[in-house]
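Some notes on the structure that comes next.
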Amino acid sequence: MQMLFPCRQTISRIHTPSNPREDTASKIVQVLRKNSGIDILKHSPLILSTLNSHAVQLVLSNSRLPLRSCLLFFNFLRENPAHKPDLVAHLTLIRRLYDERKFTDIQFVLNCIANDVDLRTPVSKIVSLVEGGTDDSIFVQKLCDMLFRVYTDNGMFEEAVVVFDYMEISGFKILERICIVLLLALKRCNRIDMCFSFFRRMVGANVEVTIYSTTIVIDGFCRRGEVERAKDLMEKMVTKGIEPDVFTYNMLINGFYIKGMVEEAIKMKAIMEHKGFEPDVVTYSTIACGLCKLKRYEEAKMWLFTMIGKGLTHNLVTFNILINIYSKIGNLDEANRLFEEMKKGGVRPDIVTYNTLIDGYLKKGNLQEIMWLFEEMEKGRVRPDIVVYNILINGYCKKENLEEAKRLFEKMEKGGVRANTVTYNILIDGYCKKDNLDEAKWLFEVMEKSGVRRNTVTYNTLIDGYCKKDNLEEAKQLFEEMEEGGVRHDIFTYSILIDVYCKKNKLEEAKLLFEEMEESAVRPNIVTYNTLIDGYCKNAKLEEAERLFGEMEKGGARLDTITYNTLIDAYCKEEKMEQAYKLRNRMEARGVRVDTVTYNLLIDASCKKGDFKEVERLFEEMEKKDVRGDKVTYTILIDKYCKKGNLTKAHKLRGVMEVMGSMPDLYTYASLIHGELSFGKLDEALKLFSEMKQRGIIPNDFTYTTIILGLSKQGRLDEALRLYDEMIEAGITPNDRVAFIQRLRS
DNA sequence: ATAGGGTTAG
């Protein structure tokens, strides 16, 4: 303990001034008692030259000198390296300050002691120094309280605990109120273990602990994701007669929220009600938020409506959550209505409100509304923050406009808003999805250099990028790098790798990883299962897939649309249409949303069978069930009509799809071009070909090859050659069917 | 309380 307090000086006792230079002291007192005495003293080198520790002590303890003058003198000495006041001087002043109950000033002086290595002294020594002339134990206790507080405020937690120990040994009464300062400070600094151990010391020292301190520790555990431990602590305290209150319950509910355990959070709310506590706005908001995190927006909405129904009023947070819900489910009209309602009700929207709405409108492609929101923000002096930049940069990335995304990124940094981990993650994902792994990896390196922390999402994004590019080596290396760098693998990391193994027909490897995942206590979720089921399906192991599916169903897992679609696809591919329809009906019966993909699978299968009646029936059914066709739906049909030679119908459908808001993509164009060419309509095909390129759709090798062959068949060799070069330029490797071009060249 | 990553169909 002594080590904590380097103490170089030898201290004489305070209250026995045996100073041979009482002269100096009384001279100084005389000067200081005058008006502006301190200024006179500053210009009296003769007096100052005789000043020493004892003289200072005499001056400060002289009751004829007003306290104000003492403080001026003390500060003058502090600013003067030659006359730096020693520990005794500090303590003398403290004693005087205490007599006049100037506690703020005492804290200031104690602060000086704590922050000066030369003065720092063990609490026992300080006490022995002041106790020499006083048996005022209330003063000593008060001094300890304040010293404890000063150490805490300065982040000197170990020193604070030493004071606590001293107080315990001395048999002082330690108030919970004092200890809470340290508990809160430790929690704020994320020193949760120390927070808990100090709490235990409090209990051990018979401090009258209440639910207040207990809740601080519980909150600390919860925030660190240790909600179970928090719950255990609560239960243990209940046996000691300390009952949780609304705050405690809310903290525990928040703990479950952090871990994504909404069901547990809801259970906890029931318990608190059972114990006679009314859930408040925080309780309901936390549960609603937890449901939002799980994308269960309808339930989240219900909870908030229940809250309002109970007469609890909306605040900024609940408005923001509700606006977020409507934004996420795409009902921007309702989100905007709430936005107006909150303003009318006198709740000022904040940066979160604006960001939420901007994100919602961006995903709807409504740029006009976004402009208005930005104008309103400026008027309300709400400054754009990193989150809204990330939203916009992400918008550009998802539209594959990486140039604009990067431009905004640079503009943002020039404007003084620093990119964070999320910003980089967004851009890295953008470049990965654009197949520009070099740029993605470069940004990954830039993060390191600019001191932006790389987290699990960063690694997952890049690993997925490499997996999708078939670069398993790089992916695996990053996976290992995570371990070394202390970045945790999570369910995404495993799912990404399990997927790539499934897709590469390495089912054994996938299963091995699945087991490894369970060992590292990462629980598989619906995505992991869907990935594996698809892996089995596509590797001719339908029975295995069915087995896993049944296991999930029995285990009470929430099977989702993708789970069903994956199996329906497998049945369609094996032409087991009866089974496919049976599953479709089952998903409906279980309340699982039948979506566009489900219909696309059935429509495609019916097309392949040539059962157009069924195709039409399915189309009608989609309309009735309000399932919108997408570009894949239309492309399936367009392809079918092209193959049948009904080009008029195919083009008509292409028109319909654009009216319905689905843009034709690579596959659509490929079908149409192939259709035109098989009827010798080369110019029509060329027109489509340049149209798709104009729209920024990069043709694949199949499209290039088909067009090049079409051109060469009609003797238009120059054009064929030009396209061939264009294809090479685009980085597409030519296949055997156009190898003749090389010979043609030479 | 707002932003980022993994699974299905042509």
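A note on names: the letters A, B, ... follow the listed sequences, proteins ahead of strands, and every chain is numbered from 1.
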Rounded to the nearest Å, what distance is computed from the [atom1] atom of residue [X] to the [atom2] atom of nucleotide [N]?
X      : N     : atom1 : atom2 : value
A:L373 : B:dT2 : CG    : P     : 18 Å
A:D534 : B:dT8 : CG    : P     : 5 Å
A:I562 : B:dA9 : CD1   : P     : 10 Å
A:K573 : B:dA9 : NZ    : C1'   : 7 Å
A:R593 : B:dT8 : CZ    : C1'   : 12 Å
A:L338 : B:dT2 : CG    : P     : 16 Å
A:N315 : B:dA1 : CG    : C1'   : 9 Å
A:L392 : B:dT2 : CG    : P     : 17 Å

Compare the minimum distances between each of [options] and the side chain of [X], then state the nucleotide with the smallest one.
X      : options              : answer
A:Y667 : B:dG6, B:dG10, B:dA3 : B:dG10
A:S495 : B:dA3, B:dA1, B:dG6  : B:dG6
A:T528 : B:dT2, B:dG10, B:dG6 : B:dG6
A:I491 : B:dG6, B:dG10, B:dA3 : B:dG6
A:K608 : B:dT2, B:dA1, B:dG10 : B:dG10
A:D499 : B:dG10, B:dT2, B:dT7 : B:dT7
A:V387 : B:dA3, B:dA1, B:dA9  : B:dA3
A:K538 : B:dA1, B:dG10, B:dT8 : B:dT8
A:K328 : B:dT7, B:dA1, B:dA3  : B:dA3
A:T566 : B:dT8, B:dA1, B:dG10 : B:dT8

*asked:* I'd like to know if A:N525 reaches the base of B:dG6 with its side chain, counting only an N/O donor and acceptor under 3.5 Å.
replied: yes
*Kindly compute the distance separating CG (A:L542) from OH (A:Y536), expressed to the nearest 0.5 Å.*
12.5 Å
_Short side-chain N/O contact from A:K433 to OP1 or OP2 of B:dG6, under 4.0 Å_ = yes
_Donor + acceptor pair across side chains of A:Y361, A:S327 (<3.5 Å)_ = no
*Polar side chain donor-acceptor pair, A:T596 to A:D630, under 3.5 angstrom*: no
*Run the salt-bridge test on A:R454 and A:E448 with the 4.0 Å N-O cut-off and return the result as yes or no.*
yes
*What residues, two or more places apart in sequence or in another chain, satisfy side-chain hydrogen bond (donor to acceptor under 3.5 Å, both in side chains) together with A:S671?*
A:D639
